[in-house]
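Structure record follows, encoded as C-alpha cells.
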Protein chains: 2
Amino acid sequence: MTAETPDLTKNQRLVFDALSRADGPLSAYTILDQLRDDGFRAPLQVYRALDKLLAFGLVHRLESLNAFVACAHPHCHRHAMIGFAICETCGQVDEFSDEVIEDRLASFAQARGFVPAKTTVELRGQCARCRPN
Amino acid sequence: MTAETPDLTKNQRLVFDALSRADGPLSAYTILDQLRDDGFRAPLQVYRALDKLLAFGLVHRLESLNAFVACAHPHCHRHAMIGFAICETCGQVDEFSDEVIEDRLASFAQARGFVPAKTTVELRGQCARCRPN
DNA sequence: CAATTCATGTTACACAATAACATATCAGGC
DNA sequence: GCCTGATATGTTATTGTGTAACATGAATTG
Ligand SMILES: [Zn+2]
Ligand SMILES: [Zn+2]
Ligand SMILES: [Zn+2]
Ligand SMILES: [Zn+2]
C-alpha cells in the first residue's frame with residue numbers, strides 16, 4: 001500500500017505511521033504523546049520529522065487547525081493546489097484538488113505578478129454523515 | 001472612509017485602529033504591545049475585541065500566519081470566499097475574491113453533502129514588488 | 001581516517017490562545 | 001430611582017503550539 005516512500009528514518013517512520021493510523025488530523029503534541037513509549041521526549045523530535053514528511057509530500061499541514069494529516073493521495077501530486085474539507089463535528093478530513101480552482105488562482109497570481117510558493121484551501125464545516133438530515 | 005462600523009466599544013476601536021494603521025497583518029501579541037499605553041495588559045483584551053471584529057467582518061484572520069488584518073473591502077462582503085495573497089518578503093497582503101472559485105467550492109461541497117461554515121484561501125509567496133525581475 | 005553532512009537528544013524559551021473568576025457598565029422594566 | 005439581565009472589561013494563571021541553542025551520534029565521502 002504505502003508506495004515508494006523515500007526511505008524514512010526511524011523518527012520519520014514513527015510519526016508517519018502515527019498519522020496513517022489516525023482517522024483524522026493530529027496535532028504535533030498529540031503525536032508526541034502517542035510516541036512516548038517509542039522514546040519520544042520533546043516536541044522537536046516530532047516537528048523535525050514532520051518537516052521532512054511535509055517536504056516529501058507525505059503529510060499535509062492543516063493551517064486552520066494547527067494539525068497534520070497523512071496524504072490521502074500519495075500518487076499524482078502534480079497539483080499545486082490541494083484542498084481540504086474538514087468536518088468540525090467528527091474531525092474527518094476530505095482531501096481534494098480541482099484544476100479549475102488551480103487555474104483560476106494561477107491566473108490571478110499571474111495577473112498580479114505574484115509568485116505563489118504555497119497554496120492553502122480549507123473548508124471548515126459539517127460533513128454529510130454528521131449533518132442532521 | 002471608515003463606513004458604517006457598527007458602534008465599536010473602546011477596546012474594539014483601539015484594536016481595529018491598530019490594524020487599520022498597520023500596513024500588514026499583526027499578531028494578537030503585537031497588537032497587545034502596541035496598546036500597552038492605552039491600558040491593555042492581557043492577551044484576552046485583544047482576543048475578545050478580535051472576536052467581535054471578526055464577527056462584524058471588519059477584520060480577517062490569516063490562518064497560515066496566526067495573524068489578523070483589517071478588511072480591505074468593507075463593502076460588498078456578500079462573498080463566501082475571501083482569498084489572500086501574502087508576500088513572505090514584505091508582508092503585504094492582497095485581499096481578493098473570485099466567483100468562479102466560490103462556485104467551484106460550493107458545487108464541490110454540494111456534491112459531497114458538505115456544508116461549509118468557513119472557507120480559507122491563502123496564497124503564500126512573493127509579490128510583484130519584491131520579486132527579482 | 002578525517003571531514004562533512006545529516007539525524008537525534010535535551011533544555012529552555014518564545015509565541016498563541018483560553019479558563020476561570022471578579023468587576024464594571026448599560027439598557028429596560030418596574 | 002432601583003432591580004435585573006446582558007454585555008464589556010480587568011486580572012491571574014494555565015494550556016497549547018513552535019523554536020533557539022547546543023551537544024551527540026551515525027552515515028557518507030574523499
Ligand atoms: Zn495529498
Ligand atoms: Zn463529520
Ligand atoms: Zn474583507
Ligand atoms: Zn512583497
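Below, chains carry the letters A, B, ... as their sequence lines are ordered, and counting in each starts from 1.
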TODO: Taking only the side-chain nitrogens and oxygens of B/Ser27, find out if one of them lies under 4.0 Å from OP1 or OP2 of C/dC15.
DONE: no
Open item on the list: Using OP1 and OP2 only, check whether a side-chain N or O of A/Thr9 sits under 4.0 Å from C/dT8.
Closed with: yes
Task: Euclidean distance, atom OH of residue A/Tyr47 to atom P of C/dT8 [Å, nearest integer] - done: 17 Å
Open item on the list: So, OP1 or OP2 of D/dG18: does either fall under 4.0 Å of a side-chain N or O from B/Asn66?
Closed with: no
Open item on the list: On the side chain of A/Arg48, is there an atom forming a donor-acceptor pair with the base of D/dG18 - under 3.5 Å, no angle test?
Closed with: no
Task: Side chain of A/Pro43 - closest among C/dA19, C/dT10, D/dG18 - done: D/dG18
Open item on the list: Side-chain N or O of A/Tyr29 versus OP1/OP2 of D/dT17: is the shortest distance under 4.0 Å?
Closed with: no
Open item on the list: For the backbone of A/Glu63 and the side chain of A/Glu122, can you confirm whether one donor and one acceptor N or O come within less than 3.5 Å of each other?
Closed with: yes
TODO: Let me know, please, whether B/Ala42 or A/Asp51 comes out on the 5' side of the other along DNA chain D by nearest nucleotide.
DONE: B/Ala42
- [ ] Would you tell me if any nitrogen or oxygen in the side chain of B/Arg13 comes within less than 4.0 Å of OP1 or OP2 on D/dA8?
- [x] no
Open item on the list: Can you see if the side chain of B/Gln45 gets near the phosphate of D/dG10 - specifically, an N or O under 4.0 Å from OP1 or OP2?
Closed with: yes
- [ ] Using a strict cut-off of less than 4.0 Å between a Lys/Arg side-chain nitrogen and an Asp/Glu carboxylate oxygen, indicate whether B/Arg13 and B/Asp17 qualify as a salt bridge.
- [x] yes
Task: Exercise: do A/His73 and A/Glu95 side chains pair donor with acceptor under 3.5 Å - done: no
Open item on the list: So A/Leu62 and A/Ile86, do their side chains get closer than 4.5 Å, heavy atoms only?
Closed with: yes
TODO: Please tell me which of B/Lys52 and A/Ala28 maps to the more 5' nucleotide of DNA chain D, matching each residue to the nucleotide holding its nearest heavy atom.
DONE: B/Lys52
Task: Nearest-angstrom distance from the residue atom CG of A/Asn11 to C1' of C/dT10 - done: 14 Å
TODO: Give the rounded distance in Å between these two atoms: CG of A/Leu54 and P of D/dG18.
DONE: 11 Å
